[in-house]
Structure formats: C-alpha cells, structure tokens
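Heads up, the thing below is written out as structure tokens.
Keep in mind that what you see is a predicted model, and the values were worked out from it rather than measured.
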Amino acid sequence: MDLKNIKDFVKLDLAIHDLTQLEFTLEYADKMILSKECKPLEVDFYFFLPHSMGVGQQDFTHHRFLRLISHYIRLKTPIVEIKEIHETINELKSVSSKNSKDGKEFNNLVKILCCSITSKLRSLSKSFKADDLEELKQLKEIWVKFCMLLEQKEDFFAKNRELKKIIDLADEYLVEIFNIHMLRMLKNVEDIEESTEQLEVCKKTLRSFLRTQIDYQKRKNYLTLKEEQEGRKNEFYHYRYSMLRKFFYDVLFLNVERKELSRLYKNIIASIGASLAAVWAAWAEIKRFEYFQKGAYQLDFLTFLFIAVLVYVFKDRLKEISREYFHEKLKNKLPDYTLNCFYRKTKLDKTKKKVDVDFSFLKINESFRVIPLGAITKEIWGMRNIGSDFDWEVERKEEVLNYFRKLHFAKDSPKEIVPGYDTKAVKEILRLNLDYFLGKLDDPNKVLHYFDEDEHVKKVVSPRVYHVNIICKIS
C-alpha cells in the first residue's frame, strides 16, 4: 500500500472548543495503522505567538506547556449500515443467562449499538433532506425493534440486575439521541424556503416521530426539556445526557498512562557528571601518590594545600559543567513525556482463573521547545509567510513554540480490541488551554480618536487583537 499521500490516512481539524480552549482532532485510518509499511508518524505543531504575550524561553518550560494539553484517545465511532445495526440487535436477542461471558459481551454490544446509531443519526442530521426520510424511517424501525427486545426479554432482565441497568440506560439514551437529531432534521427542512409536497410530508412525519418520542419519555418518566421549568431542572437534564453519552462511549476509549522522562534523563546525566568527577579525583590522587613516592617531600605545606583545594573545586565544577553540557546537547533530541495507550482484556490463565491483561496499542513520545526564529526551517517559514506582503509589513516580534509528537502503532495487537468491533482507526482529541496566555494580555478594548468631516474629534472603541498563527506538519 502506498502511504506517501498522508492526507488519505490522517485527517486534522482545528476548532474553538470554548472561550479558553482550542481543540485539535486527529483521525488515523486503520489501513495506515495495520500496514506493515507504516513507519512512526510524526506530528509537529508550531505556534507563532506575539512577543507581547509574555511567553519566553526562560520562563515557559515544557512542564508548563504540557500541563495545558488534555488528551482524549479512542477508537473511531463505527460507521455501519442499517443492516449491520439489525444484526447487532439480533445478537442481543441471543444472549443467554447460563453463559457467564454473556454479561460483558452484552454490555459491549449494547454500547457499540448506541455508538453506531448515534453516528448514523449525526451524519444524517448534518445535511438532512426530504430524500433522506426513508433512511430515518429505517432507523426508527431499529429503535422500535430495540423496544420490543426489552418487552420480550423482560423476565430475563428482571433476573439480571446489571443487564437490566444497561438496557434501561440504553433505552433512555437512544430516546434522547433520536430527539436531538430529529429536531436538527426538522430545523433543516423548515429552513428550506421552497415548499413541495415531498417536503411537507417530511415535516409532518418528523413532527409525528417527535410527538411519539416525547410521549414515550413521559410514560417512562425520563427527563425532558421545557422552557418554563426551573433552570436547575434543565441543568440536570444536560448533566444526565452528558453522563449517559460518556457511559456508552467509554467502550471506545483507550487507557492512557503518561510518564515524565525528563527527570530520568537528568538523573542519568547527573550520574555521568559525577562519574567524570570521580575519575578526575582518582587521577589527581594517583599523581599525588606518585609524586610523594619519588621522595619529593620538599613541597611546602601552603603549596600542597593550594593544589588540594584546586583539585577539589575543579572536581565539583567538572561534575556541574559536564551535567549542563550533556543536558543541553541531549534535551532537544529526547522526548519529555511518553504516553502508553493500551486496552485491557480479560483472559483465562493456566489455572482457568480470569485475569486482566494489558495490550499496548499506541505509544506517543512528546516534547516541547521554545525555538528562535532563526532555527525555523524554510518549509515552515514559507507556510508562516503565506499571504504576507513584505513590501510594507513591519518586522514581526514573535515567539515560536514547538510541540512535537511521534506515534508508534503496535503491529501485533489482537484483531478485535472491542468484541464485535474490528476496526482500529483512532480518533485523538487534543485540547490546549489558553488561560495562561490570556492572563498576560492587555486591555481587550482600545479607545481611538479620529478627526471627522465636520472637524470634530470623535472617539471609537476598537478590540485589541493578538494574532496566533498555528502550523501543523504531519509526516
């Protein structure tokens, strides 16, 4: 497989998550991850910040920057056809209370089902048209089929509290996720100005679906949104939905273990420095012994004391100088942190006992540097200057933050990470908190004066803007 065109295998999106966070979304295709030709993937971020933001090489360390980054790494939400969702429900029907394995498998199947339906509804609601109504009806049939499963297996679920809990939570979640996306679909078709018979049928069907859903929520006593109810109830509704979504999506998330390596390097380098100092002290001691063996006792006390102090002081300085030298040389070539992303499976050991086994799936080495403008490569510098007019633009005073990541995907992991879900495509979300940078900014508004046509002095308020340019290189 040709992996030269990286755009076919890695997708990058940048968005503003909230008032203080930027969100980077990286998606890695399973074809690339599983390919034997795939080498470690390098993702290089360059942040060009105005000097006035107060970020410098002396006071902004890798510890501070990497604490501002949040990681969320999971398998991509399954993209499945309607037929496959029906098959998943059929698998749920075949669950047996006699098999102890069914409990965990059932939980995973229910969670995968909820993720699959959510993904399908999301893609449908993004650009819903009247022509898509038939596909929505098929999804509605799936929900009806799921409700029938609850009724048919009611006696079985009554005897299995854990299974009953997850099936009830799935019911509540699916009702709400249908409501959310059908409302978006209805808004899309209502925004269409032209009116056709097909469009009116679509609106009528969507409203009928929504009424059915709301009646079902009331019958089940699920939380609903109302404009006239107290704000606290609406707040709890949002909290409840958020918790349900996290519960069903946790089946896709990988476990992440983060280790700091910079302290390890410092200790190793300090040990090397101490070893060099010990070698110097031993050499000086041997020379002193040889000197006295030759019978040269005429050396006066003050001269001997001077040489001893010189050797002792230089021994300590040699240790410190060697530590600083090796640290400066190596710190730009070694990662600051390593992230081990793994998933946990339950297996039977030799004694037929269940044990949890961790399988490493992805290892990420990350490092951070504040680099001078002169060290920027021509390729990155050319990207930074796109759209610039050097005939009139003044010299920029910028600080460049470089966040480098190297990803190693395991080639020997089992076929299925999650039972019933054989994809290994990965979605990674990075959130950069900007609070630290915002704290050093000037007043957000600037009062400006100008002379108008009536020869009066006028005042306007202009927002103060700080331009932050971001470049991402993937190779």
Side-chain angles (χ1 to χ4, degrees), residues 3-28 39-62 64-66 68-69 328 331-336 364-407 428-446 448 462-475:
L3 296 177
K4 292 181 181 179
N5 192 359
I6 198 72
K7 291 188 292 184
D8 295 336
F9 303 99
V10 182
K11 182 182 176 183
L12 171 67
D13 285 321
L14 170 62
I16 297 173
H17 181 262
D18 53 46
L19 290 175
T20 60
Q21 288 189 104
L22 291 178
E23 183 173 278
F24 303 88
T25 303
L26 290 143
E27 295 184 2
Y28 312 108
K39 296 179 180 178
L41 190 68
E42 296 183 353
V43 182
D44 226 349
F45 288 98
Y46 293 86
F47 300 87
F48 292 80
L49 307 179
H51 183 69
S52 55
M53 292 183 76
V55 178
Q57 190 169 9
Q58 302 300 322
D59 61 343
F60 198 70
T61 63
H62 66 275
R64 180 167 287 167
F65 178 82
L66 295 175
L68 302 177
I69 294 282
E328 287 298 319
K331 75 176 184 180
N332 292 327
K333 299 179 181 179
L334 298 172
D336 298 316
I364 304 174
N365 292 330
E366 54 180 12
S367 56
F368 169 80
R369 307 287 177 262
V370 179
I371 54 180
L373 288 175
I376 303 295
T377 62
K378 289 183 179 180
E379 180 186 24
I380 299 300
W381 195 243
M383 291 289 293
R384 168 65 185 91
N385 293 324
I386 289 176
S388 300
D389 189 345
F390 291 100
D391 292 334
W392 65 271
E393 190 167 311
V394 296
E395 181 185 358
R396 303 190 195 101
K397 290 186 177 180
E398 293 179 320
E399 299 289 347
V400 185
L401 311 183
N402 176 221
Y403 175 44
F404 176 75
R405 314 174 76 248
K406 194 168 187 177
L407 293 83
E428 181 182 22
I429 298 172
L430 301 173
R431 288 182 189 152
L432 174 62
N433 193 314
L434 302 175
D435 273 341
Y436 176 86
F437 307 102
L438 298 177
K440 296 192 174 186
L441 301 187
D442 207 338
D443 190 336
N445 294 316
K446 176 72 175 176
L448 302 174
S462 172
R464 195 187 300 270
V465 180
Y466 293 82
H467 289 275
V468 177
N469 293 274
I470 304 172
I471 296 172
C472 180
K473 177 185 175 184
I474 302 175
S475 57

>> side chain to side chain contact (heavy atoms under 4.5 Å, CB included), that's the test. Do F48 and I380 meet it? Break it down for me.
In response: CA-CA 11 Å; F48 292 80; I380 299 300; 4.1 Å; yes
Would you compute the distance between atom [atom1] of [X] and atom [atom2] of [Y] and round it to the nearest 0.5 angstrom?
{"X": "D44", "Y": "K406", "atom1": "CG", "atom2": "NZ", "value": "11.5 Å"}
{"X": "L12", "Y": "E27", "atom1": "CG", "atom2": "CD", "value": "10.0 Å"}
{"X": "E23", "Y": "L432", "atom1": "CD", "atom2": "CG", "value": "11.5 Å"}
{"X": "I376", "Y": "I371", "atom1": "CD1", "atom2": "CD1", "value": "3.5 Å"}
{"X": "L434", "Y": "H17", "atom1": "CG", "atom2": "NE2", "value": "12.5 Å"}
{"X": "L14", "Y": "L26", "atom1": "CG", "atom2": "CG", "value": "10.5 Å"}

> ring-ring contact (aromatic ring centres under 6.0 Å, His included) with F65: which of F368, F404, Y436?
Replying inline: F368
Where do [X] and [Y] come nearest, in terms of heavy atoms and distance?
{"X": "L430", "Y": "E428", "value": "CD2-OE2, 3.7 Å"}
{"X": "M383", "Y": "I471", "value": "CB-CD1, 3.6 Å"}
{"X": "L41", "Y": "S475", "value": "CD1-O, 3.4 Å"}
{"X": "C472", "Y": "V43", "value": "SG-CG1, 3.8 Å"}
{"X": "P463", "Y": "N445", "value": "CA-OD1, 3.9 Å"}

>> The test is side chain to side chain contact (heavy atoms under 4.5 Å, CB included); show your working for V370 and V400 and say whether it passes.
In response: CA-CA 6 Å; V370 179; V400 185; over 6 Å; no
>> Counting only heavy atoms not in L448 (residues, nucleotides, ligands), do more than 12 fall under 6.0 Å from its CG?
In response: yes
> Given F437 and F47, is the side chain to side chain contact (heavy atoms under 4.5 Å, CB included) satisfied, shown in steps?
Replying inline: CA-CA 12 Å; F437 307 102; F47 300 87; over 6 Å; no
> Parallel, tilted or perpendicular: which fits the ring planes of Y403 and F45, with parallel below 30° and perpendicular above 60°?
Replying inline: parallel
> Do the numbers put R384 on top of the ring of Y46, so that NZ or CZ is under 6.0 Å from the six-membered ring centre and no more than 45° off the axis?
Replying inline: no
